[in-house]
Amino acid sequence: MKLHTFLTTYLTINFASCNTIDSGNDYDFIIVGAGSAGSVIASRLSENLIWKILLLEAGDEGNLISSIPTAVSLLPFTKYNWGHFMEVQPNLAQSYNDNRMPWHKGRGLGGTSLINYMIYTRGNRFNYDQWAAQGNPGWSYADVLPYFIKSENCSVKNADYAFHGVDGYLGISEPFQTKITDVFLKGLHELGLPFIDYNSNKTLGASPIQANIFQGRRHTSADAFLKPVKHRFNLHIKTRAFARKVLIDEKTKHAFGVEYEVSGKIFKAMARKEVILSAGVINSPQLLMLSGIGPKQELGQLGISVLKDLQVGRNLQDNLAFLGLNFVTPEDVTLRFSKFVNLVSIYEVFESRTGPWVGAGGAQAIAYIKTDESEELGPVPDMELLLIGGSLSTDYGLILRTGMNIRDDVYNSLFAPTEGKNSFMIFLSHLTPKSKGYIKLRSADPHDYPLMYGNYFTDPGNKDINTFLAAVRYVQKLIQTETFKKFKITLIDNPVPGCTHHQYDSDDYWRCFLRSLIQTFNHQVGTAKMGPKNDPDAVVNHKLEVYGVKGLRVADCSVIPFALSAHTNAPAMMVGEKAADIIKNAWKDNLW
Ligand SMILES: Cc1cc2nc3c(=O)[nH]c(=O)nc-3n(C[C@H](O)[C@H](O)[C@H](O)COP(=O)(O)OP(=O)(O)OC[C@H]3O[C@@H](n4cnc5c(N)ncnc54)[C@H](O)[C@@H]3O)c2cc1C
Ligand SMILES: *[C@@H]1O[C@H](CO)[C@@H](O)[C@H](O)[C@H]1NC(C)=O
Ligand SMILES: *[C@@H]1O[C@H](CO)[C@@H](O)[C@H](O)[C@H]1NC(C)=O
């Protein structure tokens, strides 16, 4: 049996039948997509029992494998991943087979929180204050912090509880750690970086990972927000229901329903009040465009009649990650294959729900730093260092690097040397990118994936790549700290194939390496940008309403106006919490 077939047919945990009685096709609200944001919105809107809510989700519920945190590396191969690839970009991603960089996106209850690495970060106060300052009242740090806190049931020991909630649906806890975390934090401390709670209002510093893991299991937004309320008779959750377009009255420009598909059959559902698109950063803009909302010329060329000319799909921004820093130490302080693939560990994850299988896919700590490339005056970080307790070689190159599509020769040079050894990695992730990509329709067929262009490292002035270079230099200083020296930590310095014509360790060598092994952190945002009316790129306003169309909102990562200094799951859930309040408020005098 193929790995893929095995995983997709393996035991389904009893999420219980979410589909309650089907009572006609009329709803008050229809939400498309049960992802990080959509699950929250469905949960919160259905608190009002007089509203009838339909939640459409293209995928299925999760299973046993997806619920085991460290099994995350298997998930790209399953039906829970849409399987997108970015279009090939010249002089980029040469370390990937056919230069193709995967853009994983989750499909199923929980959306991308069903396949992600469970790292819980919010983004810093500067992000939100800038978001508001761009003409979006209600989105400043002070405005959004209560929504992060509302969602959360935090049990992290050293957290700063002025910034955390304990009554919310979403479990936040500390994942499994190896000793390398202490080494990392101490080394950084030598360089002057303080220990902080990275989800507080402190913006430069390091802490162990906080993860959306609850009682030893992945806590997707669906597990957290839908499972406890699935009995509500007014909440109708349809899985395997693929939305094809929003139904909009051409004369009044009023959204009145959604056309969707189940097992090849087409259905219509009507929305008395609103349609809310939470289909994610690729599919929400795709649905808008299929419904006639988007760049006029592009839609016209595909024979789609244009209802509203807007810059849908543009302004795509992302946090890139560099995977090229692989370390080895003689000390037994990292994850090794034999440490988690053994009977004791497997017993632990099922019995006490602890041990190495309860990890955030190996992520153990985060440091927010400000590199020498930064021109900011204040404590604004521009790079994240993400400590991974193992390496791409920990599984002997079987699974992780296959999911990432990394070429054999690249793996053999950079990672194979640490197979069976104590190895770990420091991923670099750029927090303040300037480059912008876009997505556009491939065709008018809703089943055709849109074309996706990252346009990475294309900013004039090369600030993006030079910030990575500065972070590499920072890590080289970290290797020189007493702490790192004590553990005899060395960087694997085999040259990456394709860059051997540069002198090793020269700036040009690193720039070549960075271009080659750069990867998306899957934090794309901005394809249905929030902005004021006078912003030519704006698709929705600060109330998430699509410009020029009534009864239609977008609420997911697509509306986030620029790349945040964060992994984007918590921000998506925050958007969901806030969207629900905006909607409740809009209808409070008109409940029926
Ligand atoms: C491999 C990976 C690792 C990541 N790791 C982290 C991490 O550790 N921490 C973190 O914070 N973030 C992480 N992210 C990013 C984060 O998970 C996402 O940004 C976030 O979940 C996006 O939320 P969303 O609500 O915008 O969309 P999604 O959660 O993607 O939800 C969209 C939903 O809509 C459904 N849908 C789409 N089209 C249709 C349609 N036509 N009809 C019906 N349903 C449809 C989809 O199936 C999906 O369920 C990771 C992402 C990936 C891919
Ligand atoms: C919060 O988490 C704790 C365990 O960490 C659990 O006992 C409690 O029931 C949870 N609260 C909610 C509201 O889910
Ligand atoms: C950070 O939060 C603390 C505690 O709430 C507060 O006293 C402090 O003023 C805040 N700092 C900034 C810069 O907002």
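What's counted below: heavy atoms across the whole structure, side chains too, no hydrogens, waters or symmetry copies.
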| Atom CG of D129 and atom OH of Y141: how far apart are they, to the nearest 0.5 Å? |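 Going from the CG atom of D129 to the OH atom of Y141 covers 9.5 Å.
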| message | What's the separation between atom OG1 in T432 and atom CD in Q130, rounded to the nearest 0.5 Å? | response |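 The OG1 atom of T432 sits 10.0 Å away from the CD atom of Q130.
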Any side-chain heavy atom of [X] sitting closer than 4.5 Å to one from [Y]?
X	Y	answer
E152	L170	no
H236	K52	no
M270	I30	no
E545	V540	no
I582	R553	yes
L320	P433	no
M86	Y456	yes
F225	R44	yes

| task | Run the numbers on N91 and Q94 for side chain to side chain contact (heavy atoms under 4.5 Å, CB included), then give the verdict. | result | CA-CA 7 Å; N91 191 18; Q94 297 92 333; 3.1 Å; yes
| message | With side chain to side chain donor-acceptor pair (under 3.5 Å) as the criterion, how do S435 and D464 come out once you've worked through the C-alpha distance, each side chain's angles and the decisive distance to 0.1 Å? | response | CA-CA 7 Å; S435 304; D464 287 355; 2.7 Å; yes
| field | salt bridge (charged side-chain N to carboxylate O under 4.0 Å, His left out) partner of E261, the single match among R240, R244, K268 | value |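 The passing option is R244.
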Just checking, any donor-acceptor pair under 3.5 angstrom between side chains of [X] and [Y]?
X	Y	answer
S36	S221	no
N234	S46	no
T467	E373	no
D318	T520	yes

If you take the centroid of each ring, where Trp contributes its six-membered ring, are [Y] and [X] closer together than 6.0 Å?
X	Y	result
W103	F85	no
F521	H523	yes
F242	H447	yes

Can you confirm whether more than 12 heavy atoms, excluding those of [X], are under 6.0 Å from its [atom1] atom?
X	atom1	result
K584	NZ	yes
N590	CG	yes
K245	NZ	no

Specify the closest pair of heavy atoms between [X] and [Y], including all atoms of both residues, with the distance to one decimal.
X	Y	result
A255	L552	CB-CB, 4.0 Å
N153	G168	CB-O, 3.2 Å
M101	A93	CE-CB, 4.2 Å
L564	N319	O-ND2, 3.1 Å
I518	A321	CD1-O, 3.4 Å
S278	I31	OG-CG2, 4.1 Å

Does [X] reach the main-chain N or O of [Y] with its side chain, forming a donor-acceptor pair under 3.5 Å?
X	Y	answer
N199	R122	yes
N212	H219	yes
N315	G526	yes
S66	N63	yes
K253	L307	yes
N127	N124	yes
D556	G38	no
N541	L544	yes
Q89	N455	yes
R442	Y449	yes

| Are E375 and K463 close enough, and set up right, to give a salt bridge (Lys or Arg N to Asp or Glu O under 4.0 Å), and what steps lead you there? | CA-CA 10 Å; E375 285 157 23; K463 200 86 187 154; 2.8 Å; yes
| Please walk me through it: do D581 and Y147 pass side chain to side chain donor-acceptor pair (under 3.5 Å)? | CA-CA 10 Å; D581 260 14; Y147 289 103; 2.8 Å; yes
| request: Walk me through it: do R314 and D537 pass the test salt bridge (Lys or Arg N to Asp or Glu O under 4.0 Å)? | output: CA-CA 8 Å; R314 306 297 165 83; D537 294 330; over 6 Å; no
| request: Assign the ring pair F267 / Y260 to parallel, tilted or perpendicular, where the plane angle (0 to 90°) is split at 30° and 60°. | output: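 Parallel, since the angle between the ring planes stays under 30°.
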| task | Apply the test side chain to side chain contact (heavy atoms under 4.5 Å, CB included) to residues V575 and W139: give CA-CA distance (whole Å), side-chain angles for both, the deciding distance (0.1 Å), then the verdict. | result | CA-CA 9 Å; V575 168; W139 296 87; 4.2 Å; yes
| task | Could you go through the side chain to side chain contact (heavy atoms under 4.5 Å, CB included) check for L226 and L235 one step at a time? | result | CA-CA 10 Å; L226 292 178; L235 173 61; 4.3 Å; yes
| field | Option from S558, S291, P285 for which side chain to side chain contact (heavy atoms under 4.5 Å, CB included) with V312 holds | value |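 The single option meeting the side chain to side chain contact (heavy atoms under 4.5 Å, CB included) with V312 is P285.
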| field | With N116, the side-chain hydrogen bond (donor to acceptor under 3.5 Å, both in side chains) member among H104, K105, R218 | value |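 That would be R218; it is the only one of H104, K105, R218 passing the side-chain hydrogen bond (donor to acceptor under 3.5 Å, both in side chains) with N116.
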| task | Could you give me the CA-CA distance, side-chain angles and deciding distance for T121 and Y198, then say whether side chain to side chain contact (heavy atoms under 4.5 Å, CB included) is met? | result | CA-CA 7 Å; T121 65; Y198 67 65; 3.4 Å; yes
| said: Using salt bridge (Lys or Arg N to Asp or Glu O under 4.0 Å), reason through K440 and E87 one step at a time and then give a plain yes or no. | reply: CA-CA 11 Å; K440 64 186 246 186; E87 291 302 299; over 6 Å; no
| task | Might you work through the ring pair (Phe, Tyr, Trp, His ring centres under 6.0 Å) test for F457 and F468, ending with a clear yes or no? | result | CA-CA 10 Å; F457 293 148; F468 270 104; 5.8 Å; yes
| said: salt bridge (Lys or Arg N to Asp or Glu O under 4.0 Å), that's the test. Do R272 and D28 meet it? Break it down for me. | reply: CA-CA 5 Å; R272 279 187 291 269; D28 291 289; 3.3 Å; yes
